[in-house]
Amino acid sequence: MPQILVLHGPNLNLLGTREPDIYGRTTLADIDRGLHELGAELGVDVVCFQSNHEGELIERVHAARDDGTGFVVINPAAYTHTSVALRDALAALGRPFVEVHLSNVHRREAFRQHSYFSDLAEAVISGCGAAGYRYALSFAAEKLAQETRI
Ligand code: DQA
């Protein structure tokens, strides 16, 4: 079964209680559970990983080079705006990815307007709340299904 790796960056473990007016009340566990259920419907394996540490996220991307990952869904959180190293890891992985943000980063502070990931991403979803992850997973599953049909 095709495998999709879902990566969550720093502070996303606090979802549900972290600035709920911006990020909503859905917890990370709720998001991951919903993605596993949707993955089962779509016929893809979903693997979720969250870390508050840049190096751990980078090492998880390295591991994806030979663990069967076909597509990545990533919310790099604050690393979106700072991490050349995580960007380089995804570039080295060479698999397509969707960049997800719960909030609409373009409506927020100027420092959130720049992403080190968007120009490498297949797609960017920003401002749809937790549903953005589901849209990203559906898109990724469709892309993987197209690849196997070709
Ligand atoms: C975020 C937006 C980032 O600017 C912020 O640092 C986050 C979450 C989002 O999902 O809206 O931690 O990626």
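Whatever order the structure lists ligands and atoms in, that order sets their numbers, starting from 1. These figures come from a predicted structure and were not determined experimentally. Counting from 1, the numbers follow the sequence of the chain as shown.
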So which heavy atom in the protein is nearest atom 11 (O) of ligand 1, and how far is it from that ligand atom? S103 OG, 2.6 Å
To the nearest 0.5 angstrom, please state how far the NE2 atom of H101 sits from the NE2 atom of H106. 7.0 Å
Just by distance, with hydrogens left out, do R95 and T69 show a side-chain donor and acceptor under 3.5 Å apart? no
Walk me through whether E99 and S115 qualify under side chain to side chain donor-acceptor pair (under 3.5 Å). CA-CA 10 Å; E99 176 184 346; S115 165; 3.0 Å; yes
Please identify which atoms of ligand 1 are closer than 4.0 Å to at least one heavy atom of H81. 3 (C), 4 (O)
From L12 CG over to T27 OG1, what is the distance, rounded to the nearest 0.5 angstrom? 12.0 Å
If you measure every N/O of A78 against every N/O of ligand 1, is any gap under 3.5 Å? yes
dist H62:NE2 -> R60:CZ (nearest 0.5 Å) comes out at 12.0 Å
Tell me which protein heavy atom sits closest to atom 1 (C) of ligand 1, plus the residue, atom name and distance to 0.1 Å. H101 ND1, 3.7 Å
If we number the atoms of ligand 1 from 1 as shown, the ones under 4.0 Å from a heavy atom of L102 are 9 (C), 10 (O), 11 (O)
Subset of ligand 1 atoms that lie under 4.0 Å from at least one heavy atom of R18: 7 (C), 12 (O)
Write down the atom of L42, the atom of S138, and the distance for their closest heavy-atom approach. CD1-CA, 3.9 Å
Heavy-atom nearest neighbour in the protein, as seen from atom 6 (O) of ligand 1, with distance rounded to 0.1 Å: R112 NH1, 3.1 Å
Heavy atom of the protein closest to atom 2 (C) of ligand 1 (residue, atom name, distance): V105 CG1, 3.7 Å
Value rounded to 0.5 Å, distance of CG in L38 from CD1 in I4: 9.0 Å
If you measure every N or O of N75 against every N or O of ligand 1, does any of those distances drop under 3.5 Å? yes
